[in-house]
Novice: 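Quick one: this structure, given as structure tokens, is what I'll be asking you about.
Counting starts at 1 for both ligands and their atoms, following the listed order. Only a predicted model underlies this, so the values are computations on that prediction, with no experimental measurement involved. Values below: every heavy atom of this structure, side chains too, minus hydrogens, waters and symmetry copies.
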Amino acid sequence: MFVRTMETLAGGEWTGSETWVDVFDPVDVRQPVVRVPALTAERVTGIYDAAAAGFAVWKRTPALARAKILAKAASLLRVRAAEIALGVVTENGKTLAEARVEVEKAADFFEYYAGHAREAYGSLVHDVRPDTRTSFQREPIGVVLAITPWNDPLITPARKLAPALAAGNAVVLKPASETPTSALYLARALHDAGLPAGVLNVVTGRTSEISDALLDDPRIAALTFTGSNEVGEGLRARIAPRNVRFQAELGGKNASVVLAGADLAAAATAVVAAAFAQAGQRCTATSRVLVDRTVHDAFLAVLREKVAALRLGPGQDAATDVGPLVSRNQQDGVLGHIGAAVKQGARVELGGDAPAGDLANGCYVNPTILADVTGEMDIWRDEVFGPVVALRAFDGLDGAIALVNDSPYGLAAALFSDSLEAAYRFADEVECGQIAVNTTTSGWDVHHPFGGFKDSGSAFKEQGTEALHFYTRVKSVAIHFGR
Ligand SMILES: NC(=O)C1=CN([C@@H]2O[C@H](COP(=O)(O)OP(=O)(O)OC[C@H]3O[C@@H](n4cnc5c(N)ncnc54)[C@H](OP(=O)(O)O)[C@@H]3O)[C@@H](O)[C@H]2O)C=CC1
Ligand SMILES: O=C(O)CCC(=O)C(=O)O
């Protein structure tokens, strides 16, 4: 089979290497489809040299010029959307429609922060001294290391790159090994839009060989990470002794709550979208469904019908609703979670296994509903990151809110109800960073502050103007102009 080669962007040059890392199509993992450079630790150190030099240039580039480059990159992403979406599908497995949304949203990030790059954030403040003009201003912090996962291989890097670059930082981006090529499409758009050398560098390679060089470089001013709690906590501990700013988007165990007065069909449609889009591989995916006991069976019947109608298949096939998971590893992990839940007493209402026949060479899991789930089961607590929902009945709004909060995570939660009072109480009392009422737990716009509470994240938010707090520092300037 033909294996396409893609070079990476380092120090303003497109570069290969002596050895390469294979990338697989989750539809059929028997052969690689693309290969990307396996950079050495020495090359990674050279990349930090380039990033430090790039930062010196970029921070002095007028903000309006930075804005134009980001806006141009957004328009190049849109012009190249068909090619890029196909690239995303090929390495990630999501459907073409989902990948098109991803390209559009990645472009939105650059467009949105291009607008912000035009604003000079700061203010004049009073000074007790006479003839003194005091102000404060925001300035970039330096070289940002961004480490991203495979589930949204364009959006997640774009969510970090766009505000970081708009604010005048340089970025070293390390995409997931499963999906490095999407990051390279982003880098291509930024490079072609005129981003100066060294301002963005993409590190591809074998993480075990380059991790020390990547994480321990003294020039890192900030580390932004999206991925698993295990890795996120490891990174947090590793950089803690240094003066490196840290931001993390970690896991979720997101609940959708259906109250008795809800429109059950509309609630089921939203739950299906939130739970099974991208085969459940979203940090904001609905993974627990809590249903008022009085409507539990009626809701389950509607949900079952909608999930049974989902068509599993290759992402490139226009008829497909749910594509494969990203890798065999991920498929095995999700099937393991389902198996453990069944052993602990959950009932498989639908799915629960991998499809046979034509789809067996791919990393598919049949869309799964687990019922009769209890708080003692691992499936109640653990992030699954696959096309699986766990159903549990509750009595009353207070009971529902207590169950939503019964989680180490605090990323997203949704309520389906016809009661305004319930909506406000839910919003006030649920310990999550993202609250949805009569809509999905997932799918937040670029200008919505985004990030979880508890074990789902860190103090710094992403998206919107909030993100700029992470990528800038505040300097106060007092100028005495009298004698
Ligand atoms: N919150 C979210 O959005 C996401 C959560 N997850 C959760 O994590 C689980 C596992 O997914 P997985 O891909 O393994 O996520 P990881 O957390 O392992 O990987 C995320 C990123 O961190 C990188 N990374 C891992 N270890 C190191 C290290 N020592 N030094 C530098 N970079 C490192 C990975 O690189 P590499 O790929 O080379 O290992 C990848 O780029 C999923 O099942 C899901 O539960 C996964 C993805 C996104
Ligand atoms: O739901 C969203 O808007 C974002 C999802 C996301 O960031 C993720 O799945 O990693």
Novice: Starting from atom 16 (P) of ligand 1, which protein heavy atom do you reach first, and at what distance in Å?
Specialist: S228 OG, 3.6 Å
Novice: Identify, for atom 29 (N) of ligand 1, the protein heavy atom at the shortest distance, and state residue, atom and that distance.
Specialist: S211 OG, 3.3 Å
Novice: Would you say G386 touches ligand 1, if touching means a heavy atom closer than 4.0 Å?
Specialist: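 Flag not set, G386 not near ligand 1.
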Novice: Specify the protein heavy atom at minimum distance from atom 42 (C) of ligand 1: its residue, its atom name, and the distance to 0.1 Å.
Specialist: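 Ranked first by proximity to atom 42 (C) of ligand 1 is Q330 NE2, 3.6 Å.
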Novice: So L259 and V257, do their side chains get closer than 4.5 Å, heavy atoms only?
Specialist: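 Side chain of V257 against side chain of L259, heavy atoms only: contact under 4.5 Å found.
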Novice: Looking only at protein heavy atoms, which one is nearest to atom 31 (C) of ligand 1, and how far off is it?
Specialist: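 Sorting protein heavy atoms by distance from atom 31 (C) of ligand 1 puts T207 CG2, 3.7 Å first.
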Novice: Please work out, at 4.0 Å between heavy atoms, whether the side chain, the backbone, both, or neither of E178 comes within that distance of ligand 1.
Specialist: side chain
Novice: Specify whether Y113 and F109 have parallel, tilted or perpendicular ring planes, treating 30° as the upper limit for parallel and 60° as the lower limit for perpendicular.
Specialist: parallel
Novice: Can you tell me how far apart CG (L190) and CG (L9) are? Round to the nearest 0.5 Å.
Specialist: 9.0 Å
Novice: Provide the number and element of each atom of ligand 1 under 4.0 Å from a heavy atom of P175.
Specialist: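 Listed by number with element, the hits are 41 (O).
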Novice: For T224 and K160, which I'm curious about, is there any donor-acceptor pair between the side chains at under 3.5 Å?
Specialist: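 On atom types as modelled, these side chains qualify, holding a pair under 3.5 Å.
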Novice: Among protein heavy atoms, which lies nearest atom 8 (C) of ligand 2, and at what distance?
Specialist: C283 SG, 2.9 Å
Novice: Would you say the side chain of D382 lies within less than 4.5 Å of the side chain of Y409, judging by non-hydrogen atoms?
Specialist: no
Novice: Show the atoms of ligand 2 that are less than 4.0 angstrom away from any heavy atom in G443.
Specialist: 1 (O), 2 (C), 3 (O)
Novice: Residue-level breakdown please: for I155 versus ligand 2, do any non-hydrogen atoms fall below 4.0 Å on the side chain, on the backbone, on both, or on neither?
Specialist: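 Contact part for I155 vs ligand 2: neither.
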Novice: Any heavy-atom pair between the side chains of L214 and I220 that's under 4.5 Å?
Specialist: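 When only atoms from C-beta onward are counted, L214 and I220 do not touch, as no gap falls below 4.5 Å.
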Novice: Heavy atom under 4.0 Å from ligand 2: found in Q278's side chain, backbone, both, or neither?
Specialist: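 It is neither; nothing of Q278 touches ligand 2.
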Novice: Show which atoms of ligand 1 fall inside a sub-4.0 Å distance from at least one heavy-atom site of F225.
Specialist: 17 (O), 20 (C), 21 (C), 22 (O)
Novice: Do me a favour and list the nearest non-hydrogen protein atom to atom 11 (O) of ligand 1 with residue, atom name and distance?
Specialist: W150 NE1, 3.8 Å
Novice: Within less than 4.0 angstrom of ligand 1, does Q281 place any heavy atom?
Specialist: no
Novice: Going by the atom numbers of ligand 2, which of them fall below 4.0 Å from some non-hydrogen atom of S442?
Specialist: 1 (O)
Novice: Consider ligand 2: state whether an atom of it lies below 4.0 angstrom from any non-hydrogen atom of Q434.
Specialist: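 In this structure, Q434 fails to qualify as a contact of ligand 2 - no heavy atom is under 4.0 Å.
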Novice: Can you list the atoms of ligand 2 that are under 4.0 Å from a heavy atom of D152?
Specialist: 6 (C), 8 (C), 9 (O), 10 (O)
Novice: What residue and heavy atom of the protein are closest to atom 4 (C) of ligand 1, and at what distance?
Specialist: F385 CZ, 3.5 Å
Novice: Taking the side chain from R35 and the backbone from V3, do they hold a donor-acceptor pair closer than 3.5 Å?
Specialist: no
Novice: Between D217 and Y48 (side chain of the first, backbone of the second, donor and acceptor by atom type, cut-off under 3.5 Å), is there such a pair?
Specialist: no
Novice: Check for a donor-acceptor pair, side chain of K94 on one end and backbone N or O of Q278 on the other, with a separation under 3.5 Å.
Specialist: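 No: the side chain of K94 does not pair with the backbone of Q278.
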Novice: So, applying side chain to side chain contact (heavy atoms under 4.5 Å, CB included) with V29, which one of S327, P324, C363 is it?
Specialist: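 So, applying the side chain to side chain contact (heavy atoms under 4.5 Å, CB included) to V29 and each of S327, P324, C363, only C363 qualifies.
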Novice: Mark yes or no: R159 above the aromatic ring of F450, with NZ or CZ under 6.0 Å from the six-membered ring centre and no more than 45 degrees from the axis.
Specialist: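 Yes, cation above the ring, under 6.0 Å and within 45°.
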Novice: How are the rings of H191 and W14 set relative to one another: parallel (under 30°), tilted (30 to 60°) or perpendicular (over 60°)?
Specialist: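 Plane angle over 60°, so perpendicular.
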Novice: Looking at ligand 1, does any of its N/O atoms fall within less than 3.5 Å of an N/O of L214?
Specialist: no
Novice: Within a distance of under 4.0 Å, is there any protein heavy atom near atom 26 (N) of ligand 1?
Specialist: yes
Novice: Could you tell me whether R238 and D212 make a salt bridge, using a distance below 4.0 angstrom between a side-chain N and a carboxylate O?
Specialist: yes
Novice: Quick one: does atom 19 (O) of ligand 1 have a protein heavy atom under 4.0 Å from it?
Specialist: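 No.
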Novice: Strictly below 4.0 Å, N to O, side chains only: are K105 and D445 in salt-bridge contact?
Specialist: no
Novice: Please confirm whether K105 approaches ligand 2 to less than 4.0 Å, judged on its heavy atoms.
Specialist: yes
Novice: Which protein non-hydrogen atom lies closest to atom 1 (N) of ligand 1, naming both residue and atom, and how far is it?
Specialist: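 Residue, atom and distance for the closest contact: L250 O, 2.7 Å.
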Novice: In Å and rounded to the nearest 0.5 Å, what is the CD to CD distance from E462 to Q247?
Specialist: 4.0 Å
Novice: May I ask you to list the atoms of ligand 1 that are less than 4.0 angstrom from any heavy atom of A176?
Specialist: 37 (O), 40 (C), 41 (O)
Novice: State whether the shortest distance between N or O atoms of T148 and N or O atoms of ligand 1 falls below 3.5 angstrom.
Specialist: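 Yes; the residue has a nitrogen or oxygen that sits under 3.5 Å from a nitrogen or oxygen of the ligand.
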Novice: Find all atoms of ligand 1 within a distance of less than 4.0 Å from any non-hydrogen atom belonging to L215, and give their numbers and elements.
Specialist: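 Per the distance check, 30 (N).
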Novice: Just jot down the ligand 2 atoms closer than 4.0 angstrom to any heavy atom of N151, in number order.
Specialist: 8 (C), 9 (O), 10 (O)
Novice: Give the residue, atom name and distance (to 0.1 Å) of the protein heavy atom nearest atom 35 (O) of ligand 1.
Specialist: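 In this structure, atom 35 (O) of ligand 1 has K174 NZ, 3.0 Å as its nearest protein heavy atom.
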Novice: Taking all heavy atoms of Y364 and all of L359, pick out the closest pair and write down the distance.
Specialist: CD1-O, 3.2 Å
Novice: Would you mind finding which of A146, C283, G227, S177 brings a heavy atom closest to atom 3 (O) of ligand 1?
Specialist: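 Shortest heavy-atom distance from atom 3 (O) of ligand 1: C283.
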Novice: Would you say T226 contacts ligand 2, with heavy atoms under 4.0 Å as the rule?
Specialist: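 Flag not set, T226 not near ligand 2.
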Novice: Determine the minimum heavy-atom distance between V172 and A51, stating which atoms define it.
Specialist: CG2-CB, 3.9 Å
Novice: May I ask you to list the atoms of ligand 1 that are less than 4.0 angstrom from any heavy atom of P149?
Specialist: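 Reading through ligand 1 atom by atom, the close ones are 47 (C), 48 (C).
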